[in-house]
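Read through the structure below, which is laid out as C-alpha cells, and then see the notes.
Both counts, for ligands and for their atoms, begin at 1 and track the order of listing. Because only heavy atoms are used, hydrogens play no part in the values below, and waters and symmetry mates are left out as well, while side chains stay in.
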Amino acid sequence: MKLINKKILVTGAAGFIGAALVERFLEDQVKIIGIDNFNDYYNPLLKQKRVENIERKDKKKLCKILNINLKDKNNLNQIFEDYKPDIVVNLAAQAGVRYSLENPDTYLESNLLGFLNVLEGCRNFNVEHLIYASSSSVYGGNKIMPFSEDHNVDHPLSLYAATKKSNEMLAHSYSHLFKIPSTGLRFFTVYGPFGRPDMAPMIFADAILNRKPINVFNNGDMSRDFTFISDIVDAVHKCCLKKPMSNKNFFENRPEPSTSFAPHRIFNVGSNNPINLISFIEKLEDELGISAIKKMKPMQPGDVKSTFADITKLSKWINYRPSTSFDKGIHLFANWYKDYFKSNYYRKPS
Ligand SMILES: NC(=O)c1ccc[n+]([C@@H]2O[C@H](COP(=O)([O-])OP(=O)(O)OC[C@H]3O[C@@H](n4cnc5c(N)ncnc54)[C@H](O)[C@@H]3O)[C@@H](O)[C@H]2O)c1
C-alpha cells in the first residue's frame, strides 16, 4: 500500500531511523520535508552521509532536509506554515540511556520542549496524523515478560525513559483536546546498516575489528529484542496509512493503557525474539571472523536487564510481521560495517 498525495514532515530525518524511513517514503513518491539539527551526540558525518544517500535516490526531488532545531518554535512553525504537512512523524530526540545521566538538559530541550512544539504545530496546522517515537525503555522496572502495552509503565529507570513516557502522556492529551489522531511507537533496540554509533552493534563491531576490549555489562546476563531497521520502517510506514480513531469500546472503568476514548494508540515495535548478549557477541564474532576481547562489567545505572516485545497488538492493527531474522540482520549489518569503514569515510564511530 502506498501513501498517495500526502505531504509528510519527518523530524530527525538525518538520524538512523529517520533517514531509512525517508528512503521508504521516496518509493511512494510523496513530498517529504525532513528536519534535523545535525547535533554531535555522535559523529555528524554519518548523518550527512545518510542525507547524501537520500539525495542520490531522490531522482524526482521530492524531499528537502533542513537544519532546524525542534526547540526553536518560530523556525518550526515556519516549516508547518510553509509546507502544511498532512502527516508528521516525530523521530527527533536525544536518544541514549547512559548519556542522560550526564546531559539531562538536552533531553528536556529536545524530548519535552521540542515535542511540545511539534504537538503545537500539529494543533495549529490541522495535521491529519501524528506518529511519534516512544521506546521500550518506558517499561523500566517492569519484569513481566514479554512486555505488553497493557503493563504498567510508571517506573522509568532513566531520564530518557521518563521523557519518552512523558511524550505518550503529552500526545494523549493533545489527541483528546484537539482531536489529533496520534500513534506512539515503542521501538525495541533497532540495528542495521547506517545504525547508531552509540549502540552495542556499532561499539562492539568497532572494538572487535580493532582488537580492543568490549565491556560486557551485567557479566553478559542481559538480553535485547533486537529489531532490524527495515522491520521498523515497515511498521512506521504501515502506521502512517492507518489513523487511530476514538475507541468506542473503551471501558473507562477498566482502562486499557494503549487505547483510548481519544484517537490515540500505543504499540510495541519489536521482533518478539530476545537475544542474549553473549549470543549476540558470538554471532558478531562469526560474521567478522575475529574473537572479541571481553571485559566483564557490572550493570550500568539506568539500564534494564532484558527487553522482550509482545507484538500482538501491532500485528492485529497493521498485520505487522517482522521479516528479518536475527542471523540475517547481523549478517547484513556486519557486511555493511566492514564495507563502510573500509572506505575510511571516518574511521571511528564515536
Ligand atoms: N534506535 C533505537 O534502538 C531506538 C529505540 C527506541 C526508541 N528510539 C527512538 O527513535 C527515534 C529515532 O532514533 P534513532 O535511533 O534514529 O536516533 P538518531 O539519534 O540516529 O536520530 C535522531 C535524530 O534527531 C536529531 N535531533 C535530536 N534532537 C533534535 C532537535 N532538538 N531538533 C532537531 N533534530 C534533533 C539528531 O540529530 C538525530 O539525527 C528517537 O526518538 C529515539 O529515541 C530509537
Flag if over 12 foreign heavy atoms under 6.0 Å of NZ, K31
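Check fails, neighbour count at 12 or below.
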Relative to Y174, does K179 satisfy both conditions: NZ or CZ under 6.0 angstrom from the six-membered ring centre, and within 45 degrees of the ring's axis?
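Judged by the rule, K179 and Y174 form no cation-pi pair.
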State whether Y139 and R186 meet the cation-pi test: NZ (Lys) or CZ (Arg) under 6.0 Å from the six-membered ring centroid, and within 45° of the perpendicular axis.
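Geometry flag: set, cation within 6.0 Å and 45°.
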Quick one: do [X] and [Y] make a salt bridge, cutoff under 4.0 Å?
X    : Y    : result
K212 : D206 : yes
D154 : K165 : yes
E256 : K313 : yes

Do any nitrogen or oxygen atoms of ligand 1 lie under 3.5 Å from a protein nitrogen or oxygen, and which ones?
from     : atom 1 : to   : atom 2 : distance (Å)
ligand 1 : 1 (N)  : R196 : NH1    : 3.3
ligand 1 : 3 (O)  : V190 : N      : 2.8
ligand 1 : 15 (O) : R196 : NH1    : 2.9
ligand 1 : 16 (O) : F16  : N      : 3.2
ligand 1 : 16 (O) : I17  : N      : 2.8
ligand 1 : 20 (O) : F16  : N      : 2.9
ligand 1 : 20 (O) : Y42  : OH     : 2.5
ligand 1 : 26 (N) : N37  : OD1    : 3.4
ligand 1 : 28 (N) : S110 : OG     : 3.3
ligand 1 : 31 (N) : N69  : OD1    : 2.8
ligand 1 : 31 (N) : S110 : OG     : 2.9
ligand 1 : 32 (N) : N69  : OD1    : 3.4
ligand 1 : 32 (N) : L70  : N      : 2.9
ligand 1 : 34 (N) : N37  : N      : 3.1
ligand 1 : 34 (N) : N37  : OD1    : 3.4
ligand 1 : 37 (O) : D36  : OD1    : 2.6
ligand 1 : 37 (O) : N37  : OD1    : 3.3
ligand 1 : 37 (O) : K47  : NZ     : 2.8
ligand 1 : 39 (O) : G15  : N      : 3.3
ligand 1 : 39 (O) : D36  : OD1    : 3.2
ligand 1 : 39 (O) : D36  : OD2    : 2.7
ligand 1 : 41 (O) : L91  : O      : 3.0
ligand 1 : 41 (O) : K164 : NZ     : 2.8
ligand 1 : 43 (O) : Y160 : OH     : 2.6
ligand 1 : 43 (O) : K164 : NZ     : 3.2

